[in-house]
Amino acid sequence: VQLQACGGGLVQAGGSLGLSCAHAGPIYTNYVTGWFRQVPGKEREFVACIRWSSGSTYYSDSVKGRFNLSKNNAKKTVVLQMNSLKVEDTAVYYCAAGPTFSDLASAYESWGQGTKVTVSS
């Protein structure tokens, strides 16, 4: 599956932003779409993931209660709605897809190109 992430931009702290991940190609029954983020000099960090078949979600502690994942089966898109944004949420955000419900980047087979989110104070 090929992924296209979009929606990044500049937002003030406390604001909201929605990122979208479009999927081209087949999405298998137990496929999972995850979001990760990365800042220069640091490892890619897990943000959240969603299972296509059940809609089950999993969030990192750093975003739980502020970020929300949803999916649109017909459009084959996953939206990461980010609320109450903090300066420390600034990063390049990547969506990824794979067969395993995991917070490990190595569990994902396909990656989008990344979209930059900047949160100003």
Under 4.5 Å between side-chain heavy atoms, counting indirect links through other Ile/Leu/Val/Met/Phe/Trp/Tyr residues: same cluster for [X] and [Y] or not?
X      : Y     : result
Trp52  : Leu80 : yes
Leu3   : Trp35 : yes
Val117 : Val63 : yes
Tyr28  : Val1  : yes
Phe46  : Phe67 : no

Chi angles and distances behind the side chain to side chain contact (heavy atoms under 4.5 Å, CB included) call for Gln12, Val119: CA-CA 5 Å; Gln12 286 192 324; Val119 184; over 6 Å; no

Between [X] (side chain only) and [Y] (backbone N and O only), is there a donor and an acceptor less than 3.5 Å apart?
X     : Y     : value
Tyr59 : Cys49 : no
Lys71 : Val78 : no
His23 : Lys76 : yes
Arg51 : Asn30 : yes
Ser54 : Ser56 : yes

Six-ring centre of Tyr94, Arg37 cation under 6.0 angstrom, axis tolerance 45°: no

Minimum-distance pair of heavy atoms, taken over all atoms of Ser62 and Glu45: OG-OE2, 3.6 Å

Minimum heavy-atom distance Gly98-Tyr108, with the two atoms named: N-CD2, 3.8 Å

Residue among Val32, Leu69, Val79 satisfying side chain to side chain contact (heavy atoms under 4.5 Å, CB included) with Ile50: Leu69

CA sep, side-chain torsions, deciding dist, call: Gln81, Ser16, side chain to side chain contact (heavy atoms under 4.5 Å, CB included): CA-CA 7 Å; Gln81 180 63 38; Ser16 298; 3.8 Å; yes

With Cys21 via disulfide (SG to SG under 2.5 Å) - residues at least two apart: Cys95

Pairs where residues 109-121 contributes a residue and the test side chain to side chain donor-acceptor pair (under 3.5 Å) is met, not counting sequence neighbours: Tyr31-Glu109

Parallel, tilted or perpendicular: rings of Phe101 and Tyr58 (30°, 60°): tilted

Within-4.5 Å side-chain heavy-atom neighbours: Thr90 and Glu88: no

Pairing of Asp89 and Lys86 as salt bridge, 4.0 angstrom limit: no

Distance-only donor-acceptor check, side chains Thr77 and Asn72, under 3.5 Å: no

Any donor-acceptor N or O pair under 3.5 Å, side chains Ser102, Thr100: no

